[in-house]
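Structure first, then comments.
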Amino acid sequence: MKARVHVTLKNGVLDPQGAAVAHSLGALGFEGVNDVRQGKVIELDLAETDKAAAEAKVAQMCEKLLANTVIENYSVEIL
C-alpha cells in the first residue's frame with residue numbers, strides 16, 4: 001500500500017523559499033503570481049494492507065518525524 005504525505009508551512013509562517021520562487025517567476029516574466037507557498041511531498045511504500053491502520057501509522061510518522069507540527073501542516077493520502 002502506498003501513502004503520500006503533503007507537508008506545508010502553516011499560514012503566517014515565513015516562507016523564504018516560496019518568496020524566492022515568486023521573485024524568480026516575476027523575473028522570468030510570469031506575471032500574476034501573487035504568492036507562492038512551498039512544501040514537500042513524501043511518498044511511502046508500506047507493508048500494511050489495512051487502509052485505516054496505514055493512515056494511522058503514517059499520521060504517527062508525521063507527528064514524530066515527517067512534519068514539524070509547530071510550523072507545518074500535513075495531510076495523508078492513502079493510494
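Computed from a predicted model, the values in this text were never measured in an experiment.
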Identify all side-chain donor-acceptor contacts of residues 17-38 below 3.5 Å with residues at least two apart in sequence or on another chain.
{"residue": "Q17", "atom": "OE1", "partner": "Q38", "partner atom": "NE2", "Å": "3.4"}
{"residue": "S24", "atom": "OG", "partner": "A20", "partner atom": "O", "Å": "3.0"}
{"residue": "R37", "atom": "NH1", "partner": "V13", "partner atom": "O", "Å": "2.9"}
{"residue": "R37", "atom": "NH2", "partner": "K10", "partner atom": "O", "Å": "2.9"}
{"residue": "R37", "atom": "NH2", "partner": "V13", "partner atom": "O", "Å": "3.0"}

**OP:** Indicate, with yes or no, if M1 and L66 share a hydrophobic cluster defined by side-chain heavy-atom contacts under 4.5 Å among Ile, Leu, Val, Met, Phe, Trp and Tyr.
**Re:** yes
Original post:
Which pair of non-hydrogen atoms, one from A59 and one from Y74, has the smallest distance, and what is that distance?
Top reply: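 Scanning both residues completely, I find the closest heavy atoms to be O-OH, 3.7 Å.
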Original post:
Which atoms form the tightest heavy-atom contact between C62 and T69, and what is the distance?
Top reply: O-CG2, 4.5 Å
Donor-acceptor pairs under 3.5 Å, side chain of residues 39-52 to any protein atom, not counting sequence neighbours: which ones?
{"residue": "E43", "atom": "OE2", "partner": "R4", "partner atom": "NE", "Å": "2.9"}
{"residue": "E43", "atom": "OE2", "partner": "R4", "partner atom": "NH2", "Å": "3.1"}
{"residue": "E48", "atom": "OE2", "partner": "D50", "partner atom": "N", "Å": "3.3"}
{"residue": "D50", "atom": "OD2", "partner": "A52", "partner atom": "N", "Å": "3.4"}
{"residue": "D50", "atom": "OD2", "partner": "A53", "partner atom": "N", "Å": "2.8"}

Original post:
CG of N73 to CG of N11: how many Å apart, nearest 0.5 Å?
Top reply: 7.5 Å
